[in-house]
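Just so we're on the same page: letters track the sequence lines, and every chain starts at 1.
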Amino acid sequence: MATDITEASPKTSDEDVGIGEYMYGFSDPTDKYVFKSRKGLDRDIVAQISEMKGEPDWMREFRLKALDIFFKKPMPNWGGDMSHLDFQDIFYYVKASANQEKSWEDVPDDIRKTYDRLGIPEAEKKYLAGVKAQYESEVVYGSLHEDLAKQGVIFTDTDSAMRDHPELFREYFGTVIPSADNKFAALNSAVWSGGSFIYVPKGVHIDFPLQAYFRINSENMGQFERTLIIVDEGASVHYVEGCTAPTYSSDSLHSAVVEIIVKRNARCRYTTIQNWSSNVYNLVTKRAMAYGNSLMEWVDGNLGSQLTMKYPAIYLMEPGARGETLSIAFASKGQHQDAGAKMVHCAPNTYSRIISKSISKAGGRSSYRGLVKVVNGATGCKSNVVCDALILDDASRSDTYPYIEIDEDDVTVEHEASVSKIGEEQLFYLMSRGLTEAEASAMIVTGFIEPLVKELPMEYAVEMNRLIELQMEGSVG
Amino acid sequence: MSATFLKVANLSDLAEGGRLSVEVEGRAVLVFRLGGDVFAVEDVCTHDGQPLTDGELVNGEIECPRHGARFDIKTGRAMCMPAVEPVKVFPVRISGGDIEIDQASVN
Amino acid sequence: MTTSAATTTGFGAEAFQAFLATRNEPGWVSDLRRASFGLYQESLGRPLNPEEWKRVDLRAFQANRFSVGGRATTTPATRMGTLLGNHPTTCEAGFAGAVAHVDGVVVDSHLAAELTAKGVLFGDLNELLRTHGDILKPHLMTRAVKPGVDRMSAWHAAFWTGGTVLYVPRNVVIDQPLYSLIGLATPQTMDGSHTLVILEEGAQATLLEETASATTTDAGLHVGSVELLVGKRANLRYVQLQNWNQQTWHFAHQAGLVEQDGSLQWTVGGIGSRLAHIHQEVFLDGKGARGEVNGVTFATDRQTLSYYTQQTHRSPNTTSDLLYKDVLRDEARVIWRGMIRVDQAAQKTDGYQRNDSLLLSPDCRADSIPGLEIEADDVRCTHGATAGRVDADQIFYCMARGMSRYEAMHMIVEGFFHGIYDRIAVEAVRQTLSRAVEVKLGIGQ
């Protein structure tokens, strides 16, 4: 093990981590839970979720219709191996505590301790404008800076938004990603619970990030948060999500739907640091619609899970809209990161950029899957895609599947991808300077993703580098 | 371009609320009968380029059976994500017992 | 013009039996057909691979409107609208040999005497199977394109009508190119050409092949296959220029297999057809094998051209380099879906693929889908794709220099293709492709 790496990440010496390289694999007792549905999925379970939440009829109908679509749709015949995913072996709704609290003091001890270990309350004090902590199916803690609330910013869990802001909610919910979009969007639409709802009023800029932290605790858990973000004209927001889970030998499923509307001249950045334990299937649909002269950015870091299938999309709806996706994927032993990005140019003079960096090691497989589409009439568009992949050993695998569909002549679309291994000269040079092979490899990998990491706010950049270093530990030599 | 309406089907073969797949000038066209009127759209979803043939017809909108995109069968307009482009619509009329499509519009 | 009234249309059991009864071929060949027909019928019960076919709209295609060719023809090869233009009988000087087929029947075949003396075989597959079956049998549909690969390969293997064979023995070098013409003349006829090229160790050859129609209006169908077997240190240049009329459906399964230190340069020209789908594979089987693929396509009107290419690296130190350049106009559609696969054993692979599309009008559509699947770590694989239109400044500049708009366009399209022309060392092919561009642009007709 490389000693100076552990110095840089004090938490690895924490006694109660102890689970290989993954430091969030611990779990809490579940005996004090308020409610846990039976395992499996059917109309009764869906109706029960709706009833527990005291939802209006239309949502109950929406859920049941989505469930029908889910059952009807075939499993995708591409992407990762989902043959072991058993939809009937999962808990679809688990409520750990009775209420969502506004003070960490009121959150049940076990849960609060978990978030302490994850460092959320501390981060909140230092640099966040608001926090949502989702534990299993429900949000257990929520906060928002007072001055933002006064300016009309809404940052709440999605269930509360349906109750408290029904008109706003109904105007946008399910319009970016219809239930029928894909099998997992249908599943989420049927059993969704929790997630973040954000509304940023016209012209309001939120200087510090809003953060959501998703934690799965139970075994065979299914987490289906539903996030809806509306950034009104001229406003801006940076939303960050993190996620972890205990390490179990059985499978859990995380299947989120994230819908974002970025109105004219607005900006939205959505950052994900996905670090699920290696027994989690992470099958997520994320899509943003960006209007005139707005900017939407996805920063998507995928480090955990056994299988991730996630391709954040941006529909550039009006002239001048810009979309940017930065994607980092790291697939280690037993992992398949099938990640990527989609850009759909629906209007003239829209611009997109995708930068993807992936790393495969110890038998891991990382795939870039992406789409750049220019519809007829979307003249003057520009798109640039660059994918780089690094393979660290011959047991690992890298795939690149970029789809390009151009229905217009007046466009400039460029795509480049390369796959390579760590340069031996580079390794040799670093080792001649006294680094071990492991240290040298870690340094090269860190350098490889550096262009993306530097886009993150400092605290997250540090976190990302630390996670990459952990992934690299013990990998070579 | 002047219209040239040609028969594509018998009206009696198309029940109210029903649909017919026909080929016009090498294009797949879906003909609907709704509210006593007929409508014709190109049988291709503009989102994924594949047939709309078996999609549900709800409130005058054909829903793509794969991803849920919807199109107004009168105007072709895309009504629901993930489609953003309209589907082609063709002038169609009832003439006696025949359904006729303007071939010139198809070519 | 012959009449097809007596033939059974379609490709069902009855049509197959009727077709088989007309064949004069060794028993093992008929057995291969029967087995393939079984595979074909089975395959009809399964959908085509969606990844390969979902962008190709076949709804207007009706196989049962066509009849298998290969019986008789009265149309001479000179009637074909060829682009290589100089028909072999009129330009023997340029070629070491020429073979022509019309409606699946060989109508002309010759080879320079000194090559025959060296053991080179060049001619019609039907005839050479009868005379040299021992040489061809180990290669025919056993190594590169097996009947069971998919519906199209099985269909072809059951109903193939003929085709051109080139066999070059060990260390024989053929300097002049050979020419092969595949023509369709009778309406509603299916051509099932099978091109089989076998280069033994150290052999070298260049084969130029062209498909063409006798009229611009008659519907045609090609269900073809190309097998290119390049032995150790052998060097093959193969060009296929698809130049059917715009009423013809073209389905082809084509594969090249390159052994140790062998080299294949494969050029594909896509000009004609109503709808074409080509499944093209290059297998780099031996250490140090090299494969280069050049694609030049120009689609206009409502044509659909679809290419599904694979570069498969199975051995170490292999190189592949693919470049497709597509020009589109009107409502045409070009789909290119390419994949570089690198097996775990294929260390030190150098793989490259690139697709550039030039869109000349707003309603055309280009789908470009490069892909990499890499299982070895010590490799260098890159791909790129670009799409764009003719730069208005360029046209303006050309017109300011006294060119017509067409001339300007021509020059720009030529410039776009130039990168490919530079890779194709055969002058006749460069000239031919250049002429094809002119025809498409409506110049000098």
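Only the side chain of C/Arg55 has a heavy atom closer than 4.5 Å to any heavy atom of chain A. Residue C/Ser361 touches chain A through its backbone alone, counting heavy-atom pairs closer than 4.5 Å. If you measure heavy-atom distances from C/Ala376 to chain A, the contacts under 4.5 Å come from the backbone alone. Residue A/Asn384 does not touch chain C at all, counting heavy-atom pairs closer than 4.5 Å. For C/Gln344, the part sitting under 4.5 Å from any heavy atom of chain A is the side chain, from C-beta outward, and nothing else. With a 4.5 angstrom heavy-atom cutoff, C/Arg337 touches chain A only via side-chain atoms. Proximity to chain C is limited to the backbone of A/Ser396, based on heavy atoms less than 4.5 angstrom apart. Using a 4.5 Å cut-off between heavy atoms, C/Leu360 contacts chain A through its backbone alone, with no side-chain atom that close.
The local environment of NZ in A/Lys342 is sparse, with at most 12 non-hydrogen atoms from other residues, nucleotides or ligands closer than 6.0 Å. In the displayed structure, C/Arg380 atom CZ is contacted under 6.0 Å by at most 12 heavy atoms of other residues, nucleotides or ligands. Open room surrounds CZ on C/Arg290; 12 or fewer heavy atoms of other groups in view lie less than 6.0 Å from it. Atom CZ of A/Arg353 sits in a sparse spot, with 12 or fewer heavy atoms from other residues, nucleotides or ligands closer than 6.0 Å. Shown here is A/Met82, whose CE atom has more than 12 heavy atoms of other residues, nucleotides or ligands within 6.0 Å. Counting non-hydrogen atoms of neighbouring residues, nucleotides and ligands closer than 6.0 angstrom, the CE atom of A/Met443 reaches no more than 12 such neighbours.
Per-residue counts of heavy-atom pairs under 4.5 Å with chain A were compared for C/Gly371, C/Cys381, C/Gly384; the largest is that of C/Cys381. Your options are C/His383, C/Glu375, C/Gln347, and the one with the most heavy-atom pairs under 4.5 Å with chain A is C/His383. Note on A/Arg369, A/Glu416, A/Glu408: by heavy-atom pairs under 4.5 Å with chain C, the leading option is A/Glu408. Counting heavy-atom pairs closer than 4.5 Å to chain A, the top residue among C/Cys364, C/Ser357, C/Pro50, C/Pro362 is C/Pro362.
With C/Leu359 as the fixed residue, the side-chain contact (heavy atoms from CB on, under 4.5 Å) test singles out one of A/Val374, A/Asp409, A/Asp410: A/Asp409.
C/Ile374 contributes atom CD1, which lies 11.0 Å from atom OG of A/Ser367 (distance to the nearest 0.5 angstrom). Atom-to-atom distance recorded for C/Asp367:CG and A/Lys373:NZ is 8.5 Å, nearest 0.5 angstrom.
Applying a 4.5 Å heavy-atom cutoff, the residues of residues 399-407 of chain A that approach chain C are A/Asp399, A/Thr400, A/Tyr401, A/Pro402, A/Tyr403, A/Ile404, A/Glu405, A/Ile406, A/Asp407.
With contacts defined as side-chain heavy-atom distances shorter than 4.5 Å, the pair A/Asn376/C/Asp363 qualifies.
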